[in-house]
Amino acid sequence: MPPSLQSQSAVDPQHPDIDIRQGRKVFASERGDVEALADIDLQVRRGEFLSVVGPSGCGKSTLLKCVAGLERLTSGSLQVRGEAVREAPLGLGMVFQRDLLLDWRTVIENVLLIAQFRGLDMGKARVRALELLHLFGLEDFVDRYPWELSGGMRQRASICRALVDDPALLLMDEPFGALDAMTRDQLNVELQRIWEDSGKTVLFITHGIAEAVFLSDRVAVMSRNPGRIMKMIDIDLPRPRNLSIRDSTQFTHYTGQIRDVFLSLGILKNH
Amino acid sequence: MTFKSSGVGRFLEVMAVLVGALIVWEIAVRIWMPKPFILPAPSLIWSEFASSPGYFLAQTGYTLGTTMGGFLLALLLGFISAVGIVYSRLLERTFYTLLVALNSVPKVALAPLFVIWMGTGVEPKIAIALTIAIFATVIDTVLGLRSVDPELLSLARSARASEWQVLLRIRLPSALPSMFAGMKLAISLALVGAIVGEFVAGNTGLGQVILQAQGMFQTARMFVAIIVLGILGTVLFYGLEALERWLLPWHVSQRGQIMQHGA
Ligand SMILES: Nc1ncnc2c1ncn2[C@@H]1O[C@H](COP(=O)(O)OP(=O)(O)OP(=O)(O)O)[C@@H](O)[C@H]1O
Ligand SMILES: [Mg+2]
């Protein structure tokens, strides 16, 4: 077992890493209040990969920001590893839809940004950063600047940045949403490989039904106005999964199930 | 990308036009022979400069010193104020509001007042250069510090970055392009301020060269000073631009060029 997990075993292993109860979030605005989240009950187990799919504007990003301590729930309770969230929980890594790389830093310096923020030993962090860049096939781009990289490479670098201090919890907000389909598939495979056996808890947000099924242990399906979790689906597919699993009947059974939720809600229409 | 890479070509083009204009000027003066105190020929202006280059250099040095003094102070004070304004609602409401409101006031009108306050030495000249230039540095630095991508700030907060780290590692570098825009404006304004300061008091500097030469109808001498000022302003501006290129190779407007160097 990796040391990062052992050190946390003092905490009740049955206790979920993320625990949201009766979560509600209202944004006040001049045109009246917007209820972004309602009746959110969500428990994410330690080491679990949980995806949230839902239509645009249903509150997925808001949910993630609350977990990250960047927004606060209007009511309800939200705990991360047994502690109520007031600011960003420790041991948190974040990946956004935009890679947010700093143009004035090389790839490795970008990866080390988070290490600097966290005040890590820079020598050790550097070794770790190089390992990560290797894992993601960026070894030849360590000292390049972001503008010299393709979109897929940039997003890989931003994932390395999130992983540099070996966070126990990874929050990803449509990390592959801006990439072409092929790069996206490739990164799904790479992310799965990195996550497997890492013990990391991942909360992954996406518009992509297939992506969610491919990556996840469970998928939360959301509807909008207000954002609610309509259905929770266990994805019982063997791991490691390869891309061809998407043609299997089990896989299409799951994607069909999710699509049916959206169809029944009128978010997707057949005509 | 191709037109960007021909920076040297553009420079040669500008030089060619200038030299052409000088030749036309010289020929026109030789044909129509205006009185030299109305319009001296370029050759006469050159010989005026060549007769006492040391004198002109000394005056140029003085004006340059005043300009740089005013500019650097505007940069330093402007930067400190801008950081204060960005982090303090109170400073923003009071100092910044006042500054923006005063920006449209013609600041050169203050020059005679500064002479009363500070005498006829270099101080009122630096003060007026500073007063004119600081608006540009403060306003553009504030804009730059504020223009940070909010998601980048979220990223920093998610890693519990301190406000100081955010300023140093994110806000400042993001603000540099905007700060340079302000600096390029400020250096030209500081030069204007220095000359105005020299006009109203003292007996040194290119401003005084122009005033004194005017008193004696030494038009060629006035032209020397005017041309030197033109060169000075251009060199200062492009010096800053070169510095910007060197310090901010990532800046979007210059990205095309970098790619070419890389290729
Ligand atoms: N800071 C804010 N102030 C006011 N309203 C907000 C704010 N942030 C989000 N909202 C509103 O909350 C709702 C949910 O927004 P959110 O960004 O969480 O949606 P999303 O599911 O992430 O959408 P997308 O898939 O397009 O990213 C939207 O109606 C949005 O307008
Ligand atoms: Mg979103």
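For clarity, every value in this text was computed on a predicted model and none was experimentally measured.
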- Query: A:L70 versus chain B, heavy atoms under 4.5 Å apart: side chain, backbone, both or neither?
  - Reply: both

- Any chance the side chains of B:T63 and B:E198 put a donor and an acceptor closer than 3.5 Å? yes

- Region of B:I170 that comes under 4.5 Å of a non-hydrogen atom in chain A: both

- Residues B:E92 and B:Y87: side-chain donor-acceptor under 3.5 angstrom: no

- Heaviest contributor of heavy-atom pairs below 4.5 Å to chain A, chosen from B:S154, B:S158, B:S174, B:A161, is B:S158

- Message: What I want to find out is whether A:D166 reaches A:K200 closely enough, with some N-O distance under 4.0 Å, to be called a salt bridge.
- Response: yes

- Query: Can you say whether B:S162 sits under 4.5 Å from chain A via the side chain, the backbone, both, or neither, judging by heavy atoms?
  - Reply: neither

Donor-acceptor contacts under 3.5 Å from residues 89-99 of chain A side chains, at least two apart:
from: A:R98; atom 1: NE; to: B:E151; atom 2: OE1; distance (Å): 3.4
from: A:R98; atom 1: NH1; to: B:D149; atom 2: OD2; distance (Å): 2.9
from: A:R98; atom 1: NH2; to: B:D149; atom 2: OD1; distance (Å): 3.1
from: A:R98; atom 1: NH2; to: B:D149; atom 2: OD2; distance (Å): 3.0
from: A:R98; atom 1: NH2; to: B:E151; atom 2: OE1; distance (Å): 2.8
from: A:D99; atom 1: OD1; to: A:L101; atom 2: N; distance (Å): 3.1
from: A:D99; atom 1: OD1; to: A:R154; atom 2: NE; distance (Å): 3.4
from: A:D99; atom 1: OD1; to: A:R154; atom 2: NH2; distance (Å): 3.1
from: A:D99; atom 1: OD2; to: A:R154; atom 2: NE; distance (Å): 3.0

